[in-house]
Amino acid sequence: MKQTLLIVFLLLSFSNIYTQIIQEDFNTDDFKNTWTLSNNIEHVLAIGKDYSKYIRFHPKYQNEYIVMPNFVADGSVYQIKFDWNKARNNGLDSVQFQVSNNNGTSWQSVYSIINGNERNWIADSFSVNLTGNILIRLLYQSTGTFPSQYFNFDNFVVDKINLTAIKTNAQVLNCSVYPNPSTNFINIKVNSQTLDSYTLQIIDNSGKIHYQQSLNSIYNILLGIDVSTFAKGNYIVNISNDKYQYSKNIIIQ
């Protein structure tokens, strides 16, 4: 009985970590009512995740894009999750994830995909701090040659990470960042109660990721990171996986 109650408690704690903002699997045409697509985006049924419909960028067309529905962000950290793959290895085509908080007047790139994995679907994600009325755009930049790289996307989710809920897991993921403020370097110490993998990111207030590193299967680790080339200002150190989250505001001066 005690073990069952513990499992239920953990499941409830994890479910409170995230508040879902956007979810789209592209299996019907309904998403076109709220998403914005450029003229040559393909909505197809072929090799989608689990053989479902998906979105495809075709290499014949340059600067194609899709834009998610807008939402109001409150300064929290948001996680964008999705499945993707590409076909072929020719060219240097890329997809930029971009954020706008001024109705698309200007865009800030926060994540990019260049290399692919030859049609094998993978689950990917990144986290970013967001404030204001937010649009998220995927911009495809093609070499314009064919054959080249198709980029395929499916199953988008945008979650708000609820740090107050995550505090219940502080005994599992205990982190510290010092010195703070810092000028030339910072130390990041991670103490984990479980042998898990995490993603470490340092993000500025505009949502741009200045540093990212995978921390694979760790209990305890101490990292020294050179921040001497960072512009002066406020940043967020974000360490997370699908269960645990740590965020810390730091100042580079």
task: Would you tell me whether S100 and N102 have side-chain atoms, one donor and one acceptor, within less than 3.5 Å of each other?
output: yes
- prompt: Taking the side chain as C-beta and beyond, is there a heavy-atom pair between T131 and D74 under 4.5 Å?
  reply: no
message: Below 30° counts as parallel, above 60° as perpendicular, anything between as tilted: where do the rings of H210 and F230 land?
response: tilted
field: Chi angles and distances behind the side chain to side chain contact (heavy atoms under 4.5 Å, CB included) call for Q98, V110
entry: CA-CA 6 Å; Q98 301 180 321; V110 294; over 6 Å; no
statement: Between L135 and P69, the two heavy atoms sitting closest are CD2-C, 4.5 Å
query: So, S192 and Y198: side-chain donor and acceptor under 3.5 Å apart, yes or no?
result: yes
message: Is there a side-chain contact between W35 and E24 in this structure, where contact means two heavy atoms from C-beta onward sitting under 4.5 Å apart?
response: yes
- prompt: What is the minimum heavy-atom distance between C175 and V190, and which atoms define it?
  reply: SG-CG1, 3.9 Å
task: Give me the ring orientation class for F97 and F153: parallel if the planes are under 30° apart, tilted from 30 to 60°, perpendicular past 60°.
output: perpendicular
F156 and M68, any side-chain heavy atoms less than 4.5 Å apart: yes
- request: Using a strict cut-off of less than 4.0 Å between a Lys/Arg side-chain nitrogen and an Asp/Glu carboxylate oxygen, indicate whether K53 and D154 qualify as a salt bridge.
  value: no
- request: Tell me whether I202 is reachable from I221 by hopping between hydrophobic residues (I, L, V, M, F, W, Y) whose side-chain heavy atoms are closer than 4.5 Å.
  value: yes
Spatial distance of atom OH (Y235) from atom CG (N129) [nearest 0.5 Å]: 13.0 Å
query: Is the side chain of E42 donor-acceptor paired with the backbone N or O of V44 at a distance under 3.5 Å, no angle test?
result: no
task: Following the transitive rule for hydrophobic clusters with a side-chain heavy-atom cut-off under 4.5 Å over Ile, Leu, Val, Met, Phe, Trp and Tyr, establish whether I188 and F185 coincide in one cluster.
output: no
message: Would a single hydrophobic cluster contain both I252 and I239, if residues Ile, Leu, Val, Met, Phe, Trp and Tyr are joined by side-chain heavy-atom contacts under 4.5 Å?
response: yes
query: Taking the side chain as C-beta and beyond, is there a heavy-atom pair between R137 and Q96 under 4.5 Å?
result: no
query: Would you call F57 and I66 a side-chain contact if the rule is heavy atoms closer than 4.5 Å?
result: yes
Ring pair (Phe, Tyr, Trp, His ring centres under 6.0 Å) between W121 and Y54, worked out: CA-CA 12 Å; W121 286 90; Y54 65 100; 5.7 Å; yes
- request: Walk me through it: do I186 and N180 pass the test side chain to side chain contact (heavy atoms under 4.5 Å, CB included)?
  value: CA-CA 8 Å; I186 57 173; N180 187 19; over 6 Å; no
field: Side-chain heavy-atom pair I134, I136 within 4.5 angstrom cut-off
entry: yes
- prompt: Is the backbone N or O of A123 less than 3.5 Å from a side-chain atom of N155, with the two atoms forming a donor-acceptor pair by type?
  reply: no
field: Nearest-0.5 Å distance that lies between atom OH in Y111 and atom CD in Q212
entry: 5.5 Å
query: Does N234 offer a backbone N or O that forms a donor-acceptor pair with the side chain of D204 under 3.5 Å?
result: no
query: Rounded to the nearest 0.5 Å, how far apart are CD1 of I236 and CG of N249?
result: 5.0 Å
- prompt: To the nearest 0.5 Å, what is the distance between CG (N27) and OG (S52)?
  reply: 4.5 Å
- request: Take W84 and I113, measure what side chain to side chain contact (heavy atoms under 4.5 Å, CB included) needs, and give me the verdict at the end.
  value: CA-CA 10 Å; W84 73 278; I113 295 175; 3.3 Å; yes
task: Look at the side chain of S214 and the backbone N and O of N216, then say whether any donor-acceptor pair between them is shorter than 3.5 Å.
output: no
message: Quiz question: by atom type and distance under 3.5 Å, do the side chains of N184 and S228 form a donor-acceptor pair?
response: no
field: Main-chain N/O of I41 paired with H58 side-chain donor or acceptor, under 3.5 Å
entry: no
- prompt: Got a second to check how far S109's OG is from L139's CG, nearest 0.5 Å?
  reply: 7.5 Å
- prompt: How many angstroms lie between atom CD of Q108 and atom CG of L130, to the nearest 0.5 angstrom?
  reply: 11.0 Å
- prompt: Could D124 and K81 be called an ion pair, given the rule that one side-chain N must be under 4.0 Å from one carboxylate O?
  reply: no
query: Should L138 and Y65 be marked as a side chain to side chain contact (heavy atoms under 4.5 Å, CB included) after you check the CA-CA gap, both sets of side-chain angles, and the distance that decides it?
result: CA-CA 5 Å; L138 277 72; Y65 60 85; over 6 Å; no
message: Looking at E64 and N40, would you say the former's side chain and the latter's main chain have a donor-acceptor pair under 3.5 Å?
response: yes
field: Pairwise side-chain contact, I21 with Y78, heavy-atom cut-off 4.5 Å (strictly under)
entry: yes
query: Among the clusters formed by ILVMFWY side chains lying less than 4.5 Å apart, do F31 and V67 turn up in the same one?
result: no
query: Hey, are the side chains of L223 and L200 touching, using non-hydrogen atoms and a 4.5 Å cut-off?
result: yes
- request: Verify the cluster assignment for F71 and V128: are they in a single hydrophobic cluster under the rule of side-chain heavy atoms below 4.5 Å apart?
  value: yes
